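Keep in mind that this is a model prediction, so the values were computed, not measured. In this chain, residues are counted from 1 in sequence order.
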Amino acid sequence: MAEQIHQGLSFKDNTKQLMRLLKRFKGLVTFIVLFGIGVSLSEGFGVTIVVPLLEGVGGSEISSLPFPFSLISSYFSGMGFKERIQSIAVIMVVIVSFKSFLTYMSSILINRLQQNSIKYYRLLCFNQLLKLKMGYFNLQRLGHIQSLITTRINHVGVLIASGASIISSIFTIALLIIMLFVLSWKMTLLALFLVGLSSFILRGISRKSADAGEASDAAVQNMSTTLLDTLTGMKIIHLFNRQKDIISKFKEDAENYRDTVFRLVRAKDMVKPLFEFTGVASLALVMFAGSFILGNYGKDSMQVLLLFLFIFFRIMPAANAFNSMRVSIIGYWPFLKRTHEFIQKKENLYIKDGSKTFKGLKQSIQMKGLNFSYNSSEKEVLHNISFDISKGLKVGVVGPSGGGKSTLVELLLRFYDPQAGEVLVDGIDLREFEVNSWRRHIGVVSQDTFLFNDTVWANIAFAKPGASEEEIRKAAKRAHAYDFIKELPLGYDTMLGERGVRLSGGQRQRIAIARAILAEPEILVFDEATSSLDTASEWEVQAALDEISLGKTVISIAHRLSTVAGTDKIIVIDKGRIVQQGAHQELLRQEGTYKKLVQLQALGNEHR
């Protein structure tokens with residue numbers, strides 16, 4: 001798995017990464033904070049309206065109230081009952097309307113921050129995906145990668161939204177606590193102690209939330225993997241009648257994901273009732289203590305106690321929201337952690353770009369003393385490989401299956417770098433060239449042809465964005481694809497379906513050839529380009545390959561030896577080593593692997 005090949009980031013590192021993200025959206029964050037302050041001030045001003053009501057119930061003004069309560073008391077001083085009630089009603093409507101407006105605007109901004117963050121992280125992960133070298137994907141399950149960029153990033157967005165939502169709760173709690181201190185610092189310390197005790201009780205829920213978040217992350221990866229395997233292996237599933245087994249597997253993954261998400265939500269939802277219970281218990285203790293502590297207010301003690309309890313009670317919803325969001329943040333933190341770890345992958349996962357621009361092959365391509373293994377813990381796939389290909393030469397690479405032929409191509413294309421030895425281009429180490437400038441001069445046609453679920457035109461033009469109509473049609477003609485493209489329902493605008501499913505194998509290969517030669521590469525690589533085709537399709541494709549090879553440097557990896565018999569040189573690889581080199585007739589005169597392969601294929605053809 002991705003998480004198994006690197007060490008996790010610390011809480012501090014993840015927080016720093018998150019702060020860097022928030023700096024990108026500092027405008028949004030600033031307004032969210034300002035609206036949060038506005039909501040808290042509205043709440044704070046709103047609770048002071050209870051003062052004239054208490055005075056009305058008591059029949060006289062509460063003379064010993066400190067600022068700012070005394071300011072409210074003086075404003076309503078001398079008002080009659082009717083005027084007082086009407087004024088309070090109007091002010092309440094104004095305050096609630098203003099607070100509702102601020103809350104609404106804050107919600108919109110938080111949602112915008114959430115969606116912007118999701119987009120930002122998704123693009124970061126997608127860019128990282130395209131930077132990683134091919135070896136990384138040999139260690140991964142594609143479903144895990146898919147879930148990272150889809151589901152996991154959505155959970156990161158929920159975490160960020162929760163963090164933004166918590167701001168107004170923090171300001172509201174802070175403001176109301178200050179007001180409580182103004183009334184009675186002794187009772188406030190007692191109340192804070194009781195609230196802190198409640199939060200300590202909730203620590204167990206936070207731990208459960210974190211565990212559920214970890215389990216949920218793993219569960220969604222497994223479910224995505226099963227789904228992706230099903231989509232890519234649909235024919236095999238039907239061929240072997242394994243539909244019920246696959247359904248059972250997906251059901252198990254879906255149930256596991258449901259259960260882990262339910263645990264996460266349950267931990268979050270447990271906060272509210274538990275905090276309400278501990279809050280009421282705390283309120284009762286504060287009331288009991290207040291009967292002793294607030295005696296210094298004299299005849300106003302009851303009204304002050306009621307005012308204190310009212311403010312304390314107003315803290316509860318904000319504190320409840322704070323704890324719910326805190327548990328949510330803890331629960332979704334593993335998703336953020338895994339995302340940051342993926343984005344910051346460094347060790348041996350990148351192909352280091354060179355500084356020189358490749359401007360064309362002048363002399364030759366050489367491999368000298370090259371050793372390579374896909375993983376340091378695995379045995380070498382290639383050992384002490386040395387050969388050279390002069391410009392304009394046509395070279396065939398043959399050998400038994402698993403001998404390392406395709407690995408040579410992957411090294412030549414710099415999908416990987418050798419552990420020892422070097423690939424030289426005109427005497428310069430290939431690693432010194434910019435990867436893109438080098439690959440622009442190479443056209444590849446492989447056995448496993450991949451076409452996008454797009455039009456014929458888009459698939460050919462993929463090699464050269466902005467290619468003209470004339471260039472596209474010329475490439476199609478040279479690839480012997482022009483005639484069958486005209487017969488398609490919409491010609492070049494025909495959608496090809498997933499992986500070009502609407503075309504035959506030979507037609508897909510010819511579209512791939514057109515794509516490969518569109519940018520006029522000077523080096524051509526054919527990797528088993530005709531091995532999976534029937535005789536008629538092979539003839540068409542081979543004719544196209546022969547035509548586009550004129551004047552090019554060609555490396556042809558072949559299973560059918562007849563396709564390389566006319567090359568200038570044949571390299572024979574067996575068990576990761578070069579065992580023979582030479583022209584076709586020269587190798588036939590030698591006792592060795594090549595002659596045996598020719599004899600085996602001739603024998604096979606006789607028994608067809």
Side-chain angles (χ1 to χ4, degrees), residues 2-3 7-22 29 32-33 36 107 110-111 113-114 117-118 120-121 125 147-148 151-174 192 195-221 256-279 315-344:
E3 287 73 28
Q7 295 182 348
L9 297 174
S10 67
F11 176 82
K12 183 179 179 181
D13 291 332
N14 278 289
T15 303
K16 284 182 178 179
Q17 291 298 317
L18 188 57
M19 290 302 104
R20 290 194 187 102
L21 165 75
L22 295 179
V29 173
I32 289 172
V33 171
S107 297
I110 289 171
N111 183 261
L113 177 63
Q114 178 181 359
S117 301
I118 289 174
Y120 176 71
Y121 271 118
C125 289
S147 71
L148 162 68
T151 308
R152 184 186 287 174
I153 300 299
N154 286 335
H155 291 325
V156 171
V158 173
L159 181 149
I160 291 171
S162 298
S165 299
I166 216 171
I167 292 174
S168 62
S169 297
I170 293 174
F171 284 124
T172 299
I173 292 170
L192 290 177
V195 171
L197 187 62
S198 301
S199 298
F200 179 78
I201 294 172
L202 292 172
R203 287 182 62 188
I205 298 178
S206 298
R207 285 195 294 269
K208 288 183 179 180
S209 179
D211 293 340
E214 292 276 3
S216 178
D217 186 29
V220 72
Q221 289 183 16
N256 189 27
Y257 179 60
R258 176 203 64 189
D259 293 342
T260 55
V261 171
F262 179 70
R263 282 167 50 198
L264 184 60
V265 174
R266 185 174 59 187
K268 178 184 174 184
D269 290 347
M270 194 184 297
V271 173
K272 185 175 181 180
L274 184 58
F275 194 78
E276 282 183 353
F277 171 77
T278 55
I315 290 177
M316 289 300 151
N320 191 17
F322 173 83
N323 279 290
S324 294
M325 292 299 102
R326 182 170 66 91
V327 170
S328 180
I329 291 170
I330 292 172
Y332 287 115
W333 192 261
F335 294 95
L336 180 72
K337 179 182 176 184
R338 298 289 187 273
T339 301
H340 284 162
E341 287 170 351
F342 177 76
I343 291 170
Q344 294 188 24

[atom1]-[atom2] distance between [X] and [Y], expressed to the nearest 0.5 angstrom:
X    : Y    : atom1 : atom2 : value
S162 : M325 : OG    : CE    : 5.0 Å
R20  : Q17  : CZ    : CD    : 4.5 Å
I110 : S117 : CD1   : OG    : 11.5 Å
K12  : K16  : NZ    : NZ    : 4.5 Å

### Query
Pick from T15, D13, N14: which one makes a side-chain hydrogen bond (donor to acceptor under 3.5 Å, both in side chains) with H340?
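Answer after filtering T15, D13, N14: N14.
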### Message
Aromatic contact between H155 and Y121, with the criterion being ring centroids under 6.0 Å apart: yes or no?
### Response
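No: the rings miss the under 6.0 Å criterion.
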If you look at every heavy atom in [X] and [Y], which pair is closest and at what distance?
X    : Y    : value
S169 : A321 : OG-CB, 3.7 Å
A164 : I32  : O-CG2, 4.0 Å
G157 : Q114 : O-CG, 3.2 Å
P334 : I330 : CD-O, 3.5 Å

Answer yes or no: is there a side-chain heavy-atom contact under 4.5 Å between [X] and [Y]?
X    : Y    : result
I160 : L21  : yes
I315 : T172 : no
C125 : I343 : yes
L159 : F335 : no

### Message
Run the side chain to side chain contact (heavy atoms under 4.5 Å, CB included) test on V156 and Y332 for me, step by step, so that the C-alpha distance in whole Å, both residues' side-chain angles and the decisive distance to 0.1 Å come before the verdict.
### Response
CA-CA 7 Å; V156 171; Y332 287 115; over 6 Å; no
### Query
Which is it for F171 and V33 under the side chain to side chain contact (heavy atoms under 4.5 Å, CB included) test, yes or no, and what are the steps along the way?
CA-CA 9 Å; F171 284 124; V33 171; 3.9 Å; yes
### Task
Using side chain to side chain donor-acceptor pair (under 3.5 Å) as the criterion, list what pairs up with N154, not counting sequence neighbours.
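With neighbours one apart ignored, the set is R122.
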